[in-house]
A.B. asks: 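Let me begin by handing over the structure; questions about it come next.
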Amino acid sequence: LQGQGIGRSLFAALTAEFKHRGIDRIKIVTGESQISAQRFYDSVRATRVGDVQVHEGTKSVVFIYDIS
């Protein structure tokens, strides 16, 4: 169902709830091989801040999203 706006709608609802709860920044971690997820977070203007190893032998990409 990619490309139908479902993820964007869910992300908007999630960030609206966080904002309602007084949370102004979130950290997002996704697998290095999850290119479509990385493109999505880039498209919503999350900022890549680095890499981390969550699972042994596999890199993950870390994003920060400022809720405004």
Side-chain angles (χ1 to χ4, degrees):
L1 298 175
Q2 289 181 347
Q4 296 183 25
I6 296 168
R8 193 167 300 278
S9 293
L10 289 170
F11 190 76
L14 178 68
T15 55
E17 179 63 24
F18 284 149
K19 185 175 184 177
H20 175 74
R21 293 176 183 233
I23 298 167
D24 60 1
R25 177 183 262 196
I26 58 174
K27 184 188 303 182
I28 303 160
V29 180
T30 188
E32 181 180 54
S33 65
Q34 300 296 318
I35 302 303
S36 61
Q38 292 173 44
R39 287 183 184 144
F40 173 79
Y41 295 123
D42 285 334
S43 77
V44 296
R45 299 189 176 168
T47 304
R48 291 177 189 233
V49 294
D51 299 322
V52 66
Q53 185 175 353
V54 176
H55 305 287
E56 188 173 336
T58 304
K59 279 188 189 177
S60 293
V61 179
V62 180
F63 291 84
I64 296 294
Y65 182 79
D66 290 313
I67 300 168
S68 49

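We use all heavy atoms of the structure for the numbers below, so side chains are in, but hydrogens, waters and symmetry mates are not.
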A.B. asks: Starting from L14, can I reach I23 by hopping between I/L/V/M/F/W/Y residues whose side chains sit under 4.5 Å apart?
C.D. replies: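 Result: yes, single cluster for both.
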A.B. asks: Measuring from atom NZ of K19 to atom CG of D24, what distance do you get when rounded to the nearest 0.5 angstrom?
C.D. replies: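 Answer for the NZ-CG pair, K19 versus D24, is 10.5 Å.
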A.B. asks: So do V44 and R8 actually touch side chain to side chain, heavy atoms under 4.5 Å?
C.D. replies: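 When only atoms from C-beta onward are counted, V44 and R8 do touch, with a gap below 4.5 Å.
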A.B. asks: Supply the atom-to-atom distance I64 CD1 to I28 CD1, rounded to the nearest 0.5 angstrom.
C.D. replies: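 I64 CD1 to I28 CD1: 8.0 Å, rounded to 0.5 Å.
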A.B. asks: Establish whether V49 and Y65 are linked, either directly or via other cluster members, by ILVMFWY side-chain heavy-atom contacts under 4.5 Å.
C.D. replies: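 No, it is not one cluster - the side chains of V49 and Y65 are not joined through contacts under 4.5 Å.
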A.B. asks: Salt bridge or not for D42 and R48, using N-O below 4.0 Å?
C.D. replies: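 Between R48 and D42 there is a salt bridge, with a charged N closer than 4.0 Å to a carboxylate O.
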A.B. asks: If you measure from CD on E17 to CD1 on I67, what distance do you get to the nearest 0.5 Å?
C.D. replies: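 Between E17 CD and I67 CD1, I get 10.5 Å after rounding to 0.5 Å.
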A.B. asks: Supply the atom-to-atom distance H55 NE2 to S60 OG, rounded to the nearest 0.5 angstrom.
C.D. replies: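 Between atom NE2 of H55 and atom OG of S60 there are 6.0 Å.
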A.B. asks: For F40 and F11, take the angle between the two ring planes, folded into 0 to 90°, and tell me which bin it lands in: parallel under 30, tilted 30 to 60, perpendicular over 60.
C.D. replies: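 Answer is perpendicular, since the angle exceeds 60°.
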A.B. asks: Cluster question for you: counting only ILVMFWY and a side-chain heavy-atom cut-off of under 4.5 Å, with indirect links fine, are I26 and Y41 together?
C.D. replies: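 Yes, I26 and Y41 fall within the same hydrophobic cluster.
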A.B. asks: Which of these passes side-chain contact (heavy atoms from CB on, under 4.5 Å) with F63: K27, R45, Q38?
C.D. replies: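 Only one option passes, and that is Q38.
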A.B. asks: Can you measure from OG1 (T30) to CD1 (I35) and round to the nearest 0.5 angstrom?
C.D. replies: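 Reported value, rounded in 0.5 Å steps: 9.0 Å.
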